[in-house]
Structures are given as C-alpha cells and as structure tokens.
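Below: one structure, written as structure tokens.
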Amino acid sequence: MIWDFIQDQLLGMRWLSELIGRLLAAVGLDTASRIGGSVQFFLYDVLKITVLLCVLIFLISYIQSYFPPERSKRILGRFHGVGANCAAALLGTVTPLGVTFSFLISSPMVDLGSLVLLTGIFGAKVAAVYVLVGLVIAVIGGTIIEKLHMEPYVEDFIRSARAADSNAPTLTQKDRLQYAKAQVVSTFRKVFPYILLGVAVGAIIHNWIPERWIEAVLGTSNPLGVVLATVIGVPMYADIFGTIPVAEALLAKGAQLGTILSFMMAVTTLSLPSLILLRKAVKPRLLGVFVAICTAGIILVGYLFNAIQFLLI
C-alpha cells in the first residue's frame with residue numbers, strides 16, 4: 001500500500017489530475033468531452049513532468065558535483081573489458097572506444113529521470129525492465145564495437161585530441177547547490193519545448209484518434225508494429241521526457257508495450273539530428289555499425305516486451 005501511494009500519488013501525481021479536473025469543471029469545461037479531456041491531459045502532464053524533472057535534475061546534479069570527470073575517469077580506470085562498459089553505461093563517462101559507445105547508447109535512453117517518470121506512468125516493473133534492457137543494449141553494443149577494433153574509423157581530430165587531466169576544484173556546499181540550480185535551469189530550457197510538443201501530441205492521440213486506428217497499426221494485429229515504430233522514431237528528435245506522454249497515450253489506445261518502448265528508444269537513441277552530429281566525430285563505417293547494433297537491439301527489445309507484456313501490466 002505504501003508503494004502504491006508513492007507510485008500513484010507522489011510519482012504519478014493522481015491528485016493533481018483530480019484537482020485539475022475539478023478546476024476545469026468549476027469553470028464549465030466538461031473533461032469528458034474531447035476538448036475538455038485534451039485540456040486536462042495537457043495541463044496535468046506538463047505540470048507533472050515539469051515538477052518531477054526539476055526535482056530530479058536538482059538532486060542528480062547535486063550528487064554529480066561529487067563526481068567530476070577527473071574522478072569518474074579514475075574510477076573507470078579500475079575496470080577492464082565488459083566491466084568497463086558496464087561502469088560507463090552506469091556512470092556516463094567516456095574513455096576507450098567501446099566504453100564511449102556504451103555511454104552514447106545509454107545516456108539518452110536510460111537515466112534516473114526516465115526511471116522515475118516511467119515508474120509514475122507505467123509502473124515500477126515496466127520502468128525497471130526498460131532501464132535494465134537499455135543498459136544491456138549499451139553494454140553489448142559497446143563491447144561489440146570494441147571487439148571489432150573500430151578505432152581507425154574515428155575522425156583524426158578526435159583521436160589526436162588529448163584529454164585534460166587537471167585536478168577538479170574543491171566545491172563548497174554553496175557551490176554544489178548553485179551548480180545544481182544552474183543545471184535545473186539549463187536542462188529545463190532545453191527540454192521544455194519537447195515536453196510541450198510531446199504532451200500536445202499525446203493529448204491529440206488520447207482524445208481525438210480512434211482506438212481502432214492505433215490497434216491496427218501498433219497493436220497485436222500487426223506483427224511488424226515494432227519495426228514500423230522503430231523506423232518512424234528515427235527521423236524524429238525529442239528528449240525522453242517529450243516521448244513519455246506520447247507513449248502513455250498510445251498505450252491507453254491499445255498499442256503494445258514493446259512497440260511503444262521501441263518507438264521511445266528509437267527517438268532518443270537514433271534520432272537523425274543526433275546521427276548527423278555523431279557523423280562529425282566518426283567515419284561512415286563506424287556510424288553504420290552503431291546504427292545497426294542499436295536498431296537490432298531496439299527491435300529485439302520491442303518483441304521481447306510484447307511477449308512478456310502480460311507479466312508487466
């Protein structure tokens with residue numbers, strides 16, 4: 001019962017949805033109608049994601065202030081092989097090539113913020129399995145790239161660059177709090193447009209698109225739904241916080257869980273703008289290997305989640 005309260009009221013903020021519903025009813029807007037339901041969905045999700053995002057970024061940034069790049073590099077230096085890839089996927093620090101790509105795969109796909117938001121919307125089991133599978137993809141992908149010895153396919157200016165090994169300055173408590181506050185402001189400015197866009201799309205799906213349309217394209221009747229969702233997600237660009245409300249609306253309309261998660265992973269990991277930026281640092285062959293590994297992993301994850309959906313929700 002305590003966990004249900006945490007998941008529904010603290011993380012899911014069901015009380016906020018009820019409060020917004022009462023306020024809209026008080027001004028004469030019927031939340032059972034399409035327009036009223038869309039307004040309630042939009043206000044509730046924007047406020048919920050914004051509050052959780054700001055609190056989480058503040059806490060995460062404060063903790064990260066104790067782990068500057070120099071210290072994280074020393075920690076990673078104690079690991080080798082798959083262990084280094086696992087550490088990089090968890091800590092988000094870059095050293096050798098395979099470890100670098102473990103970080104590149106895991107950093108947009110899984111983090112503490114996405115874990116908490118996914119828990120509030122889909123439940124703890126879905127969130128935990130999503131993060132675990134994302135880390136597995138990151139570790140396997142980085143390990144494969146390392147075993148293929150793809151170092152020659154990194155652009156010359158990257159390989160010739162030398163990392164600075166300067167000592168990190170000692171921070172006071174005030175410095176750490178100011179750093180965390182600055183990170184909240186910076187991150188919020190970057191992702192808030194995607195939150196607005198994602199929630200707006202989610203509201204349209206939730207209240208205006210017929211359920212049978214979603215089921216026909218992304219439901220059990222379409223065995224290629226996972227592949228289609230992955231292909232659709234690649235050209236898009238959004239933060240994971242912007243894709244979560246879209247995923248929430250799709251699930252409510254009958255889309256399969258694995259298909260939805262494949263879409264989210266494709267948007268955050270293989271977005272076209274991100275690949276264009278990555279191409280500046282790596283040569284086409286390495287970029288192609290990276291895309292192939294991520295695509296195969298995302299599609300396999302989608303079908304896995306579809307197969308075990310009955311165990312999770």
Side-chain angles (χ1 to χ4, degrees), residues 12 14 17 20-21 24 29-46 48-49 109 114 117-118 120-123 125-127 129-130 133 193-273 294-295 297-313:
R14 301 303 179 194
S17 178
I20 292 174
L24 292 177
L29 191 60
D30 182 12
T31 55
S33 67
R34 285 184 173 180
I35 294 178
S38 298
V39 173
Q40 183 184 22
F41 184 98
F42 184 83
L43 293 176
Y44 165 62
D45 264 37
V46 167
K48 176 183 66 176
I49 293 176
M109 189 186 301
S114 63
L117 282 177
L118 285 167
I121 292 176
F122 297 110
K125 289 189 291 185
V126 173
V129 177
Y130 173 85
V133 171
Y194 300 114
I195 293 175
L196 292 178
L197 178 60
V199 175
V201 172
I204 293 172
I205 294 172
H206 193 272
N207 294 280
W208 296 87
I209 296 181
E211 187 172 319
R212 64 180 184 276
W213 292 7
I214 302 296
E215 291 181 343
V217 178
L218 302 177
T220 56
S221 60
N222 185 4
L224 296 178
V226 171
V227 177
L228 179 62
T230 304
V231 172
I232 291 174
V234 171
M236 300 179 65
Y237 179 68
D239 189 89
I240 189 170
F241 299 107
T243 63
I244 285 177
V246 177
E248 179 185 14
L250 288 172
L251 186 64
K253 285 291 185 176
Q256 289 188 286
L257 178 62
T259 304
I260 294 171
L261 295 181
S262 291
F263 169 76
M264 291 175 59
M265 289 182 172
V267 170
T268 55
T269 308
L270 294 175
S271 64
L272 189 58
C294 290
T295 302
I298 289 170
I299 291 174
L300 288 175
V301 167
Y303 284 113
L304 171 64
F305 268 90
N306 283 347
I308 65 173
Q309 177 171 338
F310 70 97
L311 296 175
L312 301 176
I313 57 176

Requested in this report: Mark yes when over 12 heavy atoms from residues, nucleotides or ligands other than Ile209 sit less than 6.0 Å from its CD1; otherwise mark no.
Outcome: yes
Requested in this report: Could you pull out all residues at least two apart from Phe41 that satisfy ring-ring contact (aromatic ring centres under 6.0 Å, His included)?
Outcome: His206
Report task. Using side-chain hydrogen bond (donor to acceptor under 3.5 Å, both in side chains) as the criterion, list what pairs up with Ser262, not counting sequence neighbours. Result -> none
**Report entry** For Pro210, side chain to side chain contact (heavy atoms under 4.5 Å, CB included) partners two or more places apart
**Finding:** Arg212, Trp213
Report task. Sequence neighbours left out, what passes side chain to side chain contact (heavy atoms under 4.5 Å, CB included) with Leu224? Give chain and number order. Result -> Asn222, Tyr303
Query raised in the report: Do Leu196 and Val46 have side-chain heavy atoms sitting under 4.5 Å apart?
Result: yes
Query - Results of side chain to side chain contact (heavy atoms under 4.5 Å, CB included) for Val301 - residues two or more places apart only - result: Val133, Ile137, Met265, Phe305
Query raised in the report: Going through the distances and angles, do Phe263 and Val246 end up as a side-chain contact (heavy atoms from CB on, under 4.5 Å)?
Result: CA-CA 10 Å; Phe263 169 76; Val246 177; 4.1 Å; yes
Report summary line: Separation between CG (Leu251) and CD1 (Ile205), nearest 0.5 Å, reads 11.5 Å
Report summary line: When every non-hydrogen atom of Ala266 is compared with those of Thr230, the smallest separation belongs to CB-O, 3.5 Å
Query - Residues that Val217 engages under side chain to side chain contact (heavy atoms under 4.5 Å, CB included), provided they are two or more places apart - result: Leu228
Report summary line: Sorted by chain and number, sequence neighbours left out, salt bridge (charged side-chain N to carboxylate O under 4.0 Å, His left out) with Lys48 holds for Asp45
